[in-house]
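This report concerns only the one structure given below.
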Protein chains: 2
Amino acid sequence: MAGTSFAEKTETRLDNAERLCAAHGSRLTDLRRQVLGLVLEAARPVGAYDLLDGLRADKKGAAPPTVYRALDFLLEEGLIHKIERLSAFVGCTHALDGSHTEAGHPHAAQFLICTGCGQVTELDDHGILHALIDATRHIGFTVRHSTVEAEGLCAACRDVATA
Amino acid sequence: MAGTSFAEKTETRLDNAERLCAAHGSRLTDLRRQVLGLVLEAARPVGAYDLLDGLRADKKGAAPPTVYRALDFLLEEGLIHKIERLSAFVGCTHALDGSHTEAGHPHAAQFLICTGCGQVTELDDHGILHALIDATRHIGFTVRHSTVEAEGLCAACRDVATA
DNA sequence: CAAAATACGTTATAATGTAACATATTTGAA
DNA sequence: TTCAAATATGTTACATTATAACGTATTTTG
């Protein structure tokens, strides 16, 4: 058990993640737990190579595939999301913080990227998903997965800009 | 005037693009026209390096910045879109085919990516955009630009899969 | 325990994108 | 028209993101 130790809040979420994995019959190994921890501790979306640097505090020679494999696993389990516009990763608040005992399987997910402070907020708005499904249904397209990312200003940064 | 020559339909769209640029006070140079032509002739989203290969038919030593600069221009003018999930580019049907005499400025744009055939369909559905704006308004987030990409199966590919 | 499956280590390289500076072309004002 | 400024392109080098391929270790299961 190597393991950077994380803040208590993070450990709680990691324990949640571990339960979700167990429920799926998959394993949140030490390595995966550590990568997830690094994602969760970041205030903002983190790139794979930043995570790699973080890992190397523990495991000196770590190489890209180590991180990417862990990320692939976490994505599959729905424990993190990838922000495509940033090539970066965030924890899934829905799966990790919610009182959702059910699996972290694909859910409506939208991301609000503040260009002021860099913070990303996750929404789980069904209205958006339904609007998308409605719009696609009549042309016969079946949505399997959707990416919705909005760039703009969060309330705090907008106020600063207007001041 | 070097110039791969393109199909007639493409030339028509390129002429449309040229008019739109003129209306903006910007210039669709030969190079930019050629890159846009290559995007339009592709049946599917094209990567920057595929475009580079296309360019090299004409201009042997062409280098990445040449393509990326042209792409940046075309994106700014709203003549093409980037599909983030694919790191690839498509022509903007709204700007190039529509009878829209107005500028190719940011508009509602959603992309349906068929994982069967690779084709991408552009929607311009206001319902989706409004759902997004509604969902963000009450938390004080101001949307400046949005990326909506759905993966799934188009009607044709779904029928094949079900057969 | 042994075989199979799963996870991880390691090396090398592919694919995507940009910084920085030089040259050429176009525009616009004197 | 001519030259200065702005814009566009050429060129070299490199940064960033991601994966292929193969070997080893660990875990699971019969």
Side-chain angles (χ1 to χ4, degrees), chain A residues 1-3 17-18 21-22 24-36 38-39 42 44-77 79-90 147, chain B residues 1-3 17-18 21-22 24-36 38-39 42 44-77 79-90 147:
Chain A
M1 183 71 177
E18 200 144 348
C21 286
H24 287 209
S26 68
R27 299 166 26 216
L28 188 67
T29 62
D30 283 354
L31 178 64
R32 290 163 176 174
R33 186 181 171 106
Q34 193 177 353
V35 171
L36 179 54
L38 289 168
V39 172
R44 294 201 262 269
V46 222
Y49 281 76
D50 290 333
L51 293 170
L52 186 53
D53 288 344
L55 256 192
R56 282 175 172 154
D58 249 338
K59 320 174 87 80
K60 274 216 273 208
T66 297
V67 161
Y68 278 101
R69 279 192 292 234
L71 291 170
D72 286 346
F73 171 86
L74 298 169
L75 286 168
E76 288 247 321
E77 292 297 318
L79 298 172
I80 62 173
H81 295 287
K82 180 175 184 181
I83 310 297
E84 299 287 342
R85 292 181 64 82
L86 304 178
S87 295
F89 303 85
V90 295
T147 300
Chain B
M1 182 72 174
E18 200 144 349
C21 286
H24 287 209
S26 68
R27 298 179 311 137
L28 188 67
T29 61
D30 284 355
L31 178 64
R32 291 163 175 174
R33 186 182 172 104
Q34 193 178 353
V35 171
L36 179 54
L38 289 168
V39 172
R44 295 201 262 269
V46 222
Y49 281 76
D50 291 333
L51 293 169
L52 186 53
D53 288 343
L55 256 192
R56 282 176 172 152
D58 248 338
K59 319 173 87 80
K60 275 216 272 210
T66 297
V67 161
Y68 279 102
R69 278 192 292 234
L71 290 171
D72 286 345
F73 172 85
L74 298 169
L75 286 168
E76 288 247 322
E77 292 298 316
L79 298 171
I80 63 173
H81 294 286
K82 179 174 184 181
I83 310 296
E84 299 287 343
R85 292 182 67 82
L86 305 177
S87 295
F89 303 85
V90 295
T147 300

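Here the structure is a predicted model, which means the values were calculated and not measured. The sequence lines fix the lettering, A, B, ..., with proteins before strands; numbering per chain opens at 1. Excluded from the calculations below are hydrogen atoms, water molecules and symmetry mates; all remaining heavy atoms, backbone and side chain alike, are included.
If you take OG1 on A:Thr66 and CZ on A:Arg56, they are separated by 9.0 Å, rounding to the nearest 0.5 Å. Note that CZ of B:Arg85 and NZ of A:Lys82 are 8.5 Å apart. Values are rounded to the nearest 0.5 Å.
Taking every nucleotide of DNA chain C with any atom under 4.0 Å from a non-hydrogen atom of chain B, the first and last of them, 5' to 3', are C:dT16 to C:dT27.
The overall bend of the helix from C:dC1-D:dG30 to C:dA30-D:dT1, read as the angle between its terminal helix axes built from five base pairs each, is 30° when rounded to 10 degrees.
One atom, CG of B:Leu55, and another, P of D:dT11, lie 13 Å apart when rounded to the nearest Å. A:Leu71 has its CG atom 18 Å from the P atom of D:dT16, to the nearest Å. If you measure from atom NZ of B:Lys59 to atom P of D:dA8, you get 15 Å, rounded to the nearest angstrom. What separates CG of A:Leu52 from C1' of D:dA15 is a distance of 15 Å, to the nearest Å. A straight line from CZ of A:Phe89 to C1' of D:dT16 spans 13 Å, rounded to a whole angstrom. Distance CG (B:Asp58) to P (D:dG10): 11 Å, rounded to an integer number of Å. Following rounding to the nearest Å, B:Leu28 (CG) and D:dT7 (C1') show an atom-to-atom distance of 15 Å.
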Would you be so kind as to tabulate the donor-acceptor pairs closer than 3.5 Å made by side chains of residues 44-53 of chain A, with sequence neighbours excluded?
{"unit_1": "A:Arg44", "atom_1": "NH1", "unit_2": "A:Cys117", "atom_2": "O", "d": "2.7"}

Cut-off 3.5 Å, no hydrogens considered: what does the side-chain donor-acceptor table look like for residues 67-75 of chain B, sequence neighbours left out?
none

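Each of A:Tyr68 and B:Thr29 was matched to the nucleotide of DNA chain D holding its nearest heavy atom; the match closer to the 5' end belongs to B:Thr29.
Counting non-hydrogen atoms under 4.0 angstrom, A:Lys60 reaches nothing in the nucleic acid.
A side-chain N or O of B:Glu77 and one of B:Ser26 form a donor-acceptor pair less than 3.5 Å apart.
Scanning both residues, B:Gly54 and B:Leu38, for their nearest heavy atoms gives C-CD1, 4.0 Å. Nearest heavy-atom pair, A:Phe89 versus A:Ile80, reported as atom, atom and distance to 0.1 Å: CD2-CD1, 4.0 Å.
Side-chain contact between B:Lys59 and B:Leu31 is present, with at least one heavy-atom pair separated by less than 4.5 Å. Using a 4.5 Å heavy-atom cutoff, the side chains of B:Thr147 and A:Glu84 are not in contact.
In this view, A:Thr29 satisfies the side-chain hydrogen bond (donor to acceptor under 3.5 Å, both in side chains) rule with no residue, not counting sequence neighbours.
Between the side chain of A:Arg33 and the main chain of A:Leu28, no donor-acceptor pair closer than 3.5 Å is present.
With centres under 5.5 Å and a plane angle under 30°, the ring of A:Tyr49 is stacked against the base of D:dT17.
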Assign a letter to each nucleotide of nucleotides 20-30 of chain D from its 5' end: B, base within under 4.0 Å of a protein heavy atom; S, sugar-phosphate only; -, no contact.
-> BB-----SS--

